[in-house]
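By convention in this document, chain letters (A, B, ...) are assigned in the order of the sequence lines, proteins followed by strands, and residues within each chain are numbered from 1.
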Amino acid sequence: MKIATWNVNSIKARLPNILEWLHDSSPDVVLLQETKTVDEGFPAMEIGDMGYNIALHGQKTYNGVAILSKYPIEDVERGLPGNDDDDQARYIEALIASPDPIRVASIYVPMGTEVGSEKFAYKLNFLNWVITRFETIFASGEAAVMGGDYNITPDDDDVYDPEKLHETVLCSTIERKKLRTMMNIGYTDAFRTFNTAGHQYSWWDYRAGAWNKDNGLRIDHLLLTPAAADRLSASGIDRDPRAKEKASDHTPVWCLIDDA
DNA sequence: ATGGTAGTCTCACTA
């Protein structure tokens with residue numbers, strides 16, 4: 001089963017690119033972030049026609065997450081359990097009812113704007129709720145793929161210019177510690193398992209010719225419970241969508257989960 | 001300390 005995560009930066013603006021990518025790469029499950037629309041505005045017919053079931057947790061203008069699946073989608077959870085006061089649509093989780101069922105989540109971690117800012121505090125608080133959820137799912141023992149835009153570079157190897165960006169947002173020690181805490185529960189970074197070379201990115205700023213200079217960051221991740229990691233056979237970053245006209249600033253990260 | 005670009009019920013805000 002091929003599972004991918006992609007921050008599309010508006011499902012409406014990106015629809016032709018997304019349909020083309022679904023056709024070309026044929027993922028079984030897609031975890032989308034920054035759909036930027038209420039559920040009524042989601043292009044469900046066009047994507048449904050490609051053979052996908054859809055679960056949505058959208059909002060107007062900002063945020064918005066979704067799960068697409070060629071298999072039935074069950075037990076949909078919208079928002080992080082326990083974090084009920086959060087009105088930002090940044091988390092959706094569900095069970096993919098394939099022959100070997102697998103839990104998935106699409107997570108859009110707040111960017112945080114600047115280290116020490118109010119938005120940065122919101123980011124750290126959000127991450128604490130993610131950690132709590134990760135602990136619960138880990139304890140269940142089930143196979144799970146927690147994918148999304150984490151807005152954190154795990155290491156300096158994941159940064160085009162670590163000196164320039166030292167201790168800035170997306171690269172700070174405090175954020176990386178939160179990500180380490182998640183990993184130390186017992187989750188596996190699917191991409192790193194098969195790609196040990198550094199400086200392979202999933203996001204490039206629209207500005208300053210970042211894509212052409214390969215000035216990117218690796219901030220989109222697929223984190224797997226042991227039961228999922230045991231079945232992991234490949235993972236990669238699909239750079240093609242970032243090179244297209246009207247591209248998102250992020251590109252898909254994918255993994256293959258073998259049958260149990 | 002600033003600029004660069006893209007998206008959105010826009011002329012401001014978020015990323």
Side-chain angles (χ1 to χ4, degrees), chain A residues 5-21 30-44 46-47 56-66 79 86-92 106-127 130 147-154 158-161 163-172 174-176 178-179 201-221 237 239-253:
Chain A
T5 181
W6 191 10
N7 179 324
V8 291
N9 184 22
S10 170
I11 190 80
K12 292 177 188 170
R14 215 64 59 215
L15 187 59
N17 298 37
I18 291 167
L19 294 177
E20 185 181 13
W21 175 76
V30 185
L31 311 169
L32 297 173
Q33 302 88 40
E34 276 208 276
T35 53
K36 291 189 169 179
T37 178
V38 293
D39 295 351
E40 293 72 30
F42 194 94
E46 292 88 336
I47 288 173
L56 299 171
H57 183 36
Q59 75 179 79
K60 194 175 114 170
T61 310
Y62 301 118
N63 310 313
V65 284
D86 196 344
D87 58 357
Q88 299 192 22
R90 296 178 174 275
Y91 185 93
I92 186 170
S106 178
I107 310 171
Y108 177 40
V109 174
M111 194 273 270
T113 307
E114 191 177 355
V115 174
S117 67
E118 197 173 310
K119 288 193 173 75
F120 191 78
Y122 173 73
K123 178 179 195 172
L124 297 180
N125 183 58
F126 184 92
L127 288 166
V130 173
D149 175 3
Y150 284 78
N151 267 319
I152 303 172
T153 55
D158 303 304
V159 181
Y160 72 94
D161 188 342
E163 285 186 27
K164 179 185 170 190
L165 298 178
H166 181 69
E167 291 299 343
T168 60
V169 73
L170 316 185
C171 304
S172 73
I174 186 165
E175 293 163 79
R176 286 177 175 174
K178 293 292 182 195
L179 194 59
Y201 311 123
S202 65
W203 171 85
W204 299 258
D205 202 304
Y206 283 122
R207 300 166 291 187
W211 166 249
N212 289 322
K213 292 185 255 185
D214 199 26
N215 285 348
L217 303 175
R218 192 171 72 92
I219 55 177
D220 301 271
H221 310 298
I237 295 172
R239 292 168 61 99
D240 292 349
R242 186 62 181 83
K244 307 251 184 215
E245 289 294 310
K246 292 278 286 181
S248 169
D249 45 354
H250 297 252
T251 212
V253 180

Could you tell me whether the phosphate oxygens of B:dG7, OP1 or OP2, come under 4.0 Å of any side-chain nitrogen or oxygen in A:K246? yes
Expressed in angstrom and rounded to an integer, what is the separation of A:I11 atom CD1 from B:dT8 atom C1'? 15 Å
Considering only atom C1', compute the distance from B:dT10 to B:dT5 and round it to an integer number of Å. 16 Å
Distance, P atom - from B:dC11 to B:dA1, rounded to whole angstrom: 29 Å
Take the protein atom OH of A:Y62 and the nucleotide atom C1' of B:dC9, then report the distance between them rounded to whole Å. 11 Å
Rounding to an integer number of Å, can you tell me how far A:N63 CG sits from B:dA15 C1'? 10 Å
Phosphate OP1/OP2 of B:dG7: any A:R14 side-chain N/O under 4.0 Å: yes
Mapping A:A13 and A:A208 onto DNA chain B by nearest heavy atom, which one lands closer to the 5' end? A:A208
Are the side chain of A:R14 and the backbone of A:K246 linked by a donor-acceptor contact shorter than 3.5 Å? yes
Here's a test of your reading of the structure: between A:K164 and A:P110, which maps to the more 5' nucleotide of DNA chain B? A:K164
Using every non-hydrogen atom in the two residues, find where A:K123 and A:E175 come nearest and quote the distance to one decimal. NZ-OE1, 2.5 Å
Rounded to the nearest angstrom, tell me the gap between atom CG in A:D149 and atom P in B:dA15. 10 Å
Side chains of A:N9 and A:Y206: any donor to acceptor distance under 3.5 Å? yes
Using a 4.0 Å heavy-atom cut-off across all strands, classify A:R242 as base, sugar-phosphate, or nothing. nothing
Would you tell me if any nitrogen or oxygen in the side chain of A:K60 comes within less than 4.0 Å of OP1 or OP2 on B:dT8? no
Whole-Å gap separating C1' (B:dA6) and CH2 (A:W203): 12 Å
Regarding A:T113, tell me which of base, sugar-phosphate or nothing describes its non-hydrogen contacts under 4.0 Å with the strands shown. sugar-phosphate
What's the gap between B:dA15 and B:dG3 when it is taken at their C1' atoms, as a whole Å value? 15 Å
It should be established whether A:R90 places a side-chain nitrogen or oxygen under 4.0 Å from OP1 or OP2 of nucleotide B:dT14. no
Spacing between A:D249 atom CG and B:dT8 atom P, to the nearest angstrom: 12 Å
Residue A:E118 excluded, over 12 heavy atoms near CD under 6.0 Å: no
Ignoring backbone atoms, establish whether A:T61 has a side-chain N or O less than 4.0 Å from OP1 or OP2 of B:dC9. yes
Mind checking the C1' distance from B:dC13 to B:dC9? Whole angstroms is fine. 14 Å
Quick one: sort the A:Y201 and A:W204 rings into parallel, tilted or perpendicular, breaks at 30° and 60°. perpendicular
When the distance from CG of A:N7 to P of B:dA15 is rounded to whole Å, what number comes out? 11 Å
Taking CD from A:Q59 and C1' from B:dA15, how many angstroms apart are they, rounded to a whole number? 14 Å
